[in-house]
Amino acid sequence: MKNIRNFCIIAHIDHGKSTLADRLLSFTGAVTQREEQAQLLDNMDLERERGITIKSHAIQMNYTHEGEDYILNLIDTPGHVDFSYEVSRSIAACEGALLIVDAAQSIQAQTISNLYLALENDLEIIPILNKVDLPSANPEEVTDDIVDLLGCDFEDVIHASGKTGFGVDNILKAIIDKVPAPIGNPEAPLKALIFDSVYNSYRGVETYFRIIDGSIKKGQKIKFMATGKDYFADEVGTLNLKQTPKQEIKTGDVGYLITGIKTASEVKVGDTITSLINPTESKIEGFENVKPMVYAGIYPVDTEDYEELRASMEKLQLNDASLVFAPESSAALGFGFRCGFLGMLHMEIIQERLEREFDMTVITTVPNVSYFAYTKKNPDVQILVNNPTDLPDPSSMDRVEEPYIKASIITKSDFVGQVMGLCIEKRGEIVNQTYLTPQRVELIFDMPLAEIVFDFYDRLKTVSKGYASFDYYPIGMRTSKLVKVDILLNGDSVDALSALLHADNAYHIGKKMCEKLKELIPRQQFDIPIQAAIGAKIISRETTKALRKDVTAKCYGGDISRKRKLLEKQKKGKKRMRQVGNVEIPQEAFMAVLKLN
Ligand code: GDP
Ligand code: MG
């Protein structure tokens with residue numbers, strides 16, 4: 001136990017966490033040259049393509065230092081706010097954290113939020129100035145920023161480059177010297193923290209855990225305390241590049257467990273594993289059921305694919321327990337599912353996985369956050385509104401509450417004005433403004449979640465020319481003025497295009513939606529009126545004019561290959577379209593409300 005070190009790497013996104021992790025693995029020989037591949041830990045195709053770590057993983061390294069053999073368990077953490085709960089559980093499984101700061105970018109919002117999480121868990125922090133090889137690096141200034149943030153000495157900050165491998169030996173030494181060995185009672189009943197799980201279609205769910213007390217043996221009967229279910233530990237082992245089965249995993253160590261569980265939702269990150277026969281008295285604190293932040297409808301493009309879509313969603317949920325869904329129906333789109341996601345990135349990932357892994361073509365409707373509504377008749381009864389059509393009639397409604405978040409934004413002082421302007425436009429209220437250095441400011445806002453889950457981050461990047469970082473956490477529900485804006489196409493209300501908007505913005509956004517839909521809805525043989533309405537009141541109107549000529553007429557009849565290409569292009573474009581009445585609605589139209597700027 002005294003030669004085990006459990007650590008994680010925390011950083012703002014793109015500061016080089018995955019690259020440095022790869023370096024540590026190759027330096028310690030955990031990965032041979034042949035196995036080496038850029039960003040080894042990001043092993044889902046999607047993660048690789050998007051360059052982000054979606055799920056956290058753990059890996060064990062062996063390292064000899066001054067004649068002693070050490071076991072180093074690296075627990076990788078996801079870098080996107082959508083997955084922040086997983087970050088917090090990974091951190092809880094460690095005694096130390098490498099805090100990576102990009103030598104050109106300096107401290108950013110997630111550097112600070114992750115650092116706070118690490119400090120709350122009493123982790124030893126090893127500050128690392130990364131990317132020192134960059135010509136744009138500012139090593140002195142950024143080291144000063146780190147010293148200010150941590151209150152450490154200038155000499156404590158390790159200079160490194162994940163790209164060249166510079167400083168990796170110093171990092172390993174610091175892990176051994178500074179990160180405390182695990183403490184825990186090997187004689188006590190088993191108590192282990194689940195910090196991650198991965199679905200494997202052959203082996204069932206693989207549970208990743210860190211043992212706090214006791215040990216876990218192959219074949220033992222174990223119990224998950226939050227779910228109350230018990231299982232046989234069919235296989236336990238350590239996480240090397242490949243899984244290595246063992247007879248027993250002891251106090252302080254990190255490992256995996258296979259019990260034949262076939263549904264991801266049975267394994268909850270943050271839950272405590274104990275022995276069925278000799279259980280621990282208290283479970284590990286801080287367990288949360290992860291709640292979705294954003295809801296949207298997912299419908300098959302072809303109504304006949306509904307059952308297949310259900311089967312695909314069920315399979316997806318088996319390996320992504322954070323996806324929730326329930327059947328719903330729409331007058332416009334027929335049968336589909338209302339789905340809950342951790343955020344917009346999660347929603348995009350689910351849509352992409354449905355298409356790639358299950359060959360489904362789906363329409364995703366306007367996303368919204370989840371509201372509480374109360375009627376005059378029963379002002380104490382909370383009505384959960386995850387879908388615009390669930391909002392009670394305005395005349396019968398007492399009030400609506402919407403979720404709020406506390407947002408932390410770090411930017412250069414030059415952009416404070418623009419960033420504030422954006423936050424105020426998004427109904428933010430400033431809570432605090434702190435100069436971290438004369439050039440860098442942290443702004444704290446209370447804001448409605450609805451305003452930031454959609455296009456906020458892109459707007460923020462634009463107004464700050466890329467010099468702003470952003471993080472947030474939920475702070476509860478607040479009363480709000482909310483209205484439902486309906487869209488009518490050709491005189492018929494299309495429920496799947498309805499949006500819940502703040503009353504002050506409803507007219508303006510309703511008008512812009514009509515303009516945008518006019519651009520997006522393909523012209524047909526007849527005029528298509530596009531209207532926005534609040535209740536019975538029409539607030540805006542546009543018309544998509546009838547198409548006069550056959551599109552292929554443009555090709556002057558002569559060039560057949562060009563004609564075929566055009567037809568193929570049309571066919572492809574058609575894939576993500578839904579026929580509603582006699583109007584064709586493309587996928588982009590459902591996202592139009594999010595892209596009005
Ligand atoms: P993560 O989001 O923190 O995991 O960051 P990545 O490891 O994916 O790195 C983000 C980008 O920075 C990638 O394009 C890397 O190639 C690059 N990068 C990472 N470390 C270094 C470094 O030490 N020097 C330079 N020049 N680039 C780096
Ligand atoms: Mg990464």
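Read the numbers this way: they start at 1 and go in the same order the structure lists the ligands and their atoms. Treat the numbers as computed from the prediction; the structure is a model and nothing was measured.
Contact annotation: for H15 versus ligand 1, heavy atoms closer than 4.0 Å belong to the backbone alone. Contact annotation: for D14 versus ligand 1, heavy atoms closer than 4.0 Å belong to both the backbone and the side chain. At a heavy-atom cutoff of 4.0 Å, ligand 1 is contacted by no atom of A11, backbone or side chain.
N73 and N6 are linked by a side-chain donor-acceptor pair at a separation below 3.5 angstrom, with hydrogens and angles left out of the test. T64 and N62 form no side-chain donor-acceptor contact under 3.5 Å, judged by distance and modelled atom types alone. Using modelled atom types and a 3.5 Å distance limit, the side chains of Q60 and D253 yield a donor-acceptor pair. Between the side chains of R356 and Q351, no donor N or O sits under 3.5 Å from an acceptor N or O.
The residue from T19, L129, I10, V132 that puts a heavy atom closest to atom 9 (O) of ligand 1 is T19. Of the listed options S136, S18, A104, S18 places a heavy atom closest to atom 4 (O) of ligand 1. Taking each of Q110, H12, K17, K131 in turn, the one with a heavy atom nearest to atom 22 (C) of ligand 1 proves to be K131.
Put simply, CZ on R427 and CG on D446 are 12.5 Å apart, with the number rounded to the nearest 0.5 Å.
Looking at ligand 1, you won't find any N or O of L134 less than 3.5 Å from one of its N or O atoms.
In summary, E95 and R210 engage in a salt bridge, as defined by a charged side-chain N under 4.0 Å from a carboxylate O.
In summary, the atoms of ligand 1 found under 4.0 Å from a heavy atom of N130, numbered by their order in the structure, are 20 (N), 23 (O). Under a 4.0 Å criterion applied to the non-hydrogen atoms of G162, ligand 1 contributes the atoms 22 (C), 23 (O).
With I171 as the fixed residue, the side chain to side chain contact (heavy atoms under 4.5 Å, CB included) test singles out one of N130, I100, I128: I128.
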